[in-house]
Amino acid sequence: MTVNDFYKSIFHEKTYKISLKSGCTCPNRDGTLDTRGCIFCSPSGSGDFTAETIEDAKKIVAGKIKNPESAKYIAYFQNFTNTYGDLSKLEKQWKAALNSPQISGLAIATRPDCLSTDCLQVLGNIANQTFLQVELGFQTCNEKTAQYIRRGFSNEVYIQAVRNLHKSNPNIHVVSHIIFGLPGDTFQDMMKSIRTAIEAGSDGIKITSLYILKGTDLEKEFYEGKVKPLSEDEYFTLLKEALKIIPKDIIIHRLTGDPPKALLLEPKWTMNKKKVLNKLNELLDYKTK
């Protein structure tokens, strides 16, 4: 099932995610684990289209919506690590978003190693009251690749995080992020990453090709010839195989990303968004047959 159909099944109409900043940083940036972040992460913490307020976030997506003044939205705390900070302040922020007009649910992007017992309890309580989606950056099951990209946690930490979220409240919709084309990952690794996310108990999956952005450590690696981005054909071949693995009850949230064109170095084929979306729709039609 696609994410649009999934949200319609819950909210009974098309529902849009609007990206917000929580003011959090990341243990990969504040010196707890590292100060450089993951090698692919932009200076904005992979939140180049995030806004400070809900009203500003609505304006960003307004052009894509027929009736933005009556639309339903999910408040998506996207960039950096949104459970990494003062929990009482974060809880107030989450609840304030939910109390805003037109907000029907909450999505929180975070790291598997940033879910304390107290945080899990707060998230569990929120999921008793509203739709809650928690997104975990997993990226790859290849531990050597994970070290190379400075992920900062083991596969077991990720697997346990999925279990802990479901244990805190089975209603929490857990989404796992996976990147295809990471340096060192083979075809087998990428398919195993999909299987690992499924076996861990993910309710949804996001997949994207590796993007090389200006201002990241990956940019240097690219110019040194250490990184080769996936071609369009390579990526879609991988997606087709991945879709064969993903069960129909797991929600497909994303099969491509949307990096800012001003920062994107490679792969340039992703900039032809209309063509990419058409090919993705063909793949999804194939999946549902």
Taking atom [atom1] of [X] and atom [atom2] of [Y], what is their separation to the nearest 0.5 Å?
X      : Y      : atom1 : atom2 : result
Lys279 : Glu282 : NZ    : CD    : 8.0 Å
Trp94  : Ile108 : CH2   : CD1   : 4.0 Å
Asp189 : Ile194 : CG    : CD1   : 12.0 Å
Arg195 : Ile246 : CZ    : CD1   : 11.0 Å
Thr83  : Leu115 : OG1   : CG    : 4.5 Å
Ile39  : Glu219 : CD1   : CD    : 12.5 Å

Are [X] and [Y] joined in one hydrophobic group, where the rule is that I, L, V, M, F, W and Y side chains link up if heavy atoms are under 4.5 Å apart?
X      : Y      : result
Tyr76  : Phe11  : no
Leu33  : Leu218 : no
Val175 : Leu132 : no
Leu98  : Val134 : yes

At their closest point, which heavy atom of [X] faces which heavy atom of [Y], and how far apart are they?
X      : Y      : result
Thr216 : Cys41  : CG2-O, 3.3 Å
Ser209 : Ile179 : C-CG2, 4.1 Å
Ile172 : Ser168 : CD1-OG, 3.5 Å

I'd like to know if the side chain of [X] and the backbone of [Y] have a donor-acceptor N/O pair within less than 3.5 Å.
X      : Y      : value
Ser202 : Ala197 : yes
Asp185 : Gly181 : no
Asn82  : Asn79  : yes
Lys268 : Leu265 : yes

Look at atom NZ of Lys72 and say whether more than 12 heavy atoms of other residues, nucleotides or ligands are closer to it than 6.0 Å. yes

Suppose the criterion is ring-ring contact (aromatic ring centres under 6.0 Å, His included): which pairs have a residue in residues 152-171, not counting sequence neighbours?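 For residues 152-171, and leaving out neighbouring residues, the ring-ring contact (aromatic ring centres under 6.0 Å, His included) pairs sorted by first residue read Phe138-Tyr158.
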
Would you indicate whether the side-chain heavy atoms of Val157 and Ser154 approach each other to under 4.5 Å?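 Ser154 vs Val157: side chains touch.
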
Thr50 vs Leu20 side-chain heavy atoms within contact, under 4.5 Å: no

Using a strict cut-off of less than 4.0 Å between a Lys/Arg side-chain nitrogen and an Asp/Glu carboxylate oxygen, indicate whether Lys59 and Glu55 qualify as a salt bridge. no

Carboxylate-amine/guanidinium contact Arg254 Glu135, below 4.0 Å: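 Between Glu135 and Arg254 there is no salt bridge, as every charged N stays at least 4.0 Å from the carboxylate O atoms.
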
Starting from the C-alpha separation in whole Å, work towards a yes-or-no answer on salt bridge (Lys or Arg N to Asp or Glu O under 4.0 Å) for Glu199 and Lys192. CA-CA 10 Å; Glu199 291 167 3; Lys192 187 177 179 183; over 6 Å; no

One pair to check against salt bridge (Lys or Arg N to Asp or Glu O under 4.0 Å): Lys89 and Glu91. What are the steps and the verdict? CA-CA 5 Å; Lys89 290 182 180 179; Glu91 184 178 8; over 6 Å; no

Just by distance, with hydrogens left out, do Gln102 and Lys58 show a side-chain donor and acceptor under 3.5 Å apart?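 A donor-acceptor contact under 3.5 Å links the two side chains.
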
Taking atom types as modelled and ignoring hydrogens, do the side chains of Tyr84 and Thr32 form a donor-acceptor contact shorter than 3.5 angstrom?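 Yes - a donor-acceptor pair under 3.5 Å links their side chains.
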
Assign the ring pair Phe236 / Trp269 to parallel, tilted or perpendicular, where the plane angle (0 to 90°) is split at 30° and 60°.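 Taking Trp269 first and then Phe236, their aromatic rings sit tilted (interplane angle of 30° to 60°).
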
In terms of the angle between their ring planes, are His253 and His173 parallel, tilted or perpendicular, with boundaries placed at 30° and 60°?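 Aromatic pair His253/His173 classed tilted.
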
